[in-house]
Amino acid sequence: MASYSTNEFRSGLKVMIENDPCEIVENEFVKPGKGQAFSRVRLRNLKTGRMWERTYKSGESVEAADVLDTDMEFLYSDDDAWWFMNPATYDQVSADSAAVGDNAVWLKPQDSCTVTLWNDVPIAISPPNHVVLKVVETDPGLKGDTAQGGSKPATLETGAVVRVPLFVEEGDLLKVDTRKGEYISRAKE
Amino acid sequence: MTSADLLDALREWATLLARLRQFFDERGLLEVQTPLARAYAVTDPYQRCFSVIDPANEGGVAGYLQPSPESAMKQLLAAGSGSIYQICKAFRAGESGANHRTEFTLLEWYRVGYDHRQLMDEVAELVNELLGPLPVERITWRESFVRYADIDPVVAEPEALNARLPDSMRITTPDAREESQRRELLDRLLVSRIEPNLGQNCMTFLYDYPAGQAALARVRAESWPVASRFELYIDGLEIANGFHELKDAAEQRQRFEHDNRQRQREGNVEVALDEPLLSCLNRLPDCAGVALGVDRLMKISTGADSLVAGSPP
């Protein structure tokens with residue numbers, strides 16, 4: 001089994017911690033004067049998204065995780081599966097709700113997503129930072145209210161709900177920031 | 001970094017070196033240069049030296065890049081140099097991070113007739129001159145653990161030390177029989193609970209270390225054996241390490257041999273003892289010496305977030 005020694009630690013490295021694949025986010029080399037050196041590491045658990053902290057003595061090693069970020073096209077979802085296709089090989093994989101998580105509301109067919117594969121199984125999905133989605137439901141904006149800069153909720157075609165300006169109407173296409181879940185602008189497309 | 005920024009950084013670095021030299025020249029210390037590569041590595045169990053390969057000699061090891069100029073400078077002191085200082089490059093394999101570089105600049109000086117307390121005063125004067133006046137705080141190593149980690153490090157059991165650590169720093173199976181693990185727990189506590197509190201809006205001298213961490217310092221018999229060693233911290237960062245220098249060759253040899261046994265236990269290569277150093281120690285004058293990290297000093301004085309001042313882009 002491949003492993004990494006502390007002197008190979010760097011951010012982005014994928015390692016196994018307590019049987020879960022994790023990504024090193026920050027690695028701090030620490031050595032008190034005349035004392036032992038160690039690495040204080042912040043890791044993101046790639047399955048749960050939680051941040052972990054660990055300390056390793058210099059020279060200790062940690063098992064490598066067979067984790068790969070791949071750009072794939074979202075195809076469709078059924079029941080509890082979201083299907084993605086590798087546009088180069090046409091290979092298809094399905095991700096479960098644990099992997100997709102809250103990002104399910106940003107997945108639109110044909111959009112390119114980053115799929116994190118662990119031993120060839122998707123464990124996390126990152127939608128594009130910006131997606132264009134159609135408004136399927138929102139209250140009509142009140143006339144004359146546009147100058148007030150008020151907002152209202154709008155439900156999008158994927159089920160996502162975002163705050164939008166009052167002038168937005170049903171059927172509009174909106175550009176949305178998926179990281180913050182925020183309206184950016186109306187879109188033409 | 002733009003070329004204007006680089007030029008600024010280079011000038012700042014050159015100015016700092018000039019101010020350091022002025023400080024010591026005015027005080028009558030002699031500037032010296034000693035070999036960066038010597039035939040001996042150090043026994044310190046946690047220090048690794050780069051070896052210098054000689055291609056002309058079938059790729060044999062021609063020497064080791066020195067982690068500090070201490071041995072060579074002590075040979076000069078023993079030969080009657082009087083008080084001396086040196087600004088040189090030092091090398092520590094495997095040490096790389098925001099506050100560590102494998103190659104860095106060290107200011108090291110020795111004061112004949114001083115003990116570690118007098119030398120602390122001089123370090124404070126130097127820092128005040130370079131960084132502007134800062135209040136000086138002094139706290140013993142032992143007291144710092146009581147104050148900041150609520151534990152007496154001299155008597156506490158390993159389990160109790162372990163319990164004082166933040167979760168992410170704990171050792172899974174503390175073992176009371178293992179001496180090196182006790183040291184490890186103390187180091188982890190120092191780094192996580194003590195150091196962040198030191199040198200906050202002041203300069204803090206941590207002094208009187210446990211005998212097991214004496215390195216090349218004298219040990220005094222007080223209520224517990226205390227090493228005449230100090231470290232200076234500013235903004236939580238260790239800047240300097242100083243000793244009231246041990247001049248008992250037999251005791252120094254025992255410590256080096258102890259280091260080597262620990263190296264063996266931890267599966268590291270043993271290191272040949274620095275005989276030129278050991279054989280000069282009995283002629284060493286009473287003196288105190290300190291090594292100060294110039295890159296770290298620069299980092300603090302410029303507020304930079306890493307040690308790259310004056311480096312090529």
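A note on names: the letters A, B, ... follow the listed sequences, proteins ahead of strands, and every chain is numbered from 1. Note that the coordinates shown come from a computational prediction; the quantities given were computed from them, not determined experimentally.
- There is no contact between Ala98(B) and chain A, counting heavy-atom distances below 4.5 Å.
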Below 3.5 Å only, please: all the donor-acceptor pairs between chain A and chain B, one per line.
from     : atom 1 : to        : atom 2 : distance (Å)
Gly33(A) : N      : Glu238(B) : OE1    : 3.0
Gly33(A) : O      : Arg229(B) : NH2    : 3.3
Lys34(A) : O      : Arg183(B) : NH2    : 2.8
Gln36(A) : N      : Asp187(B) : OD2    : 3.0
Thr55(A) : N      : Ser168(B) : O      : 3.4
Thr55(A) : OG1    : Ser168(B) : O      : 2.8
Lys57(A) : NZ     : Glu184(B) : OE1    : 3.4

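- Listed options Leu186(B), Ile171(B), Val191(B), Leu190(B) were ranked by heavy-atom pairs under 4.5 angstrom with chain A; first place goes to Val191(B).
- With a 6.0 Å radius and a threshold of 12 heavy atoms from other residues, nucleotides or ligands, Asp102(A) has its CG atom at or below the threshold.
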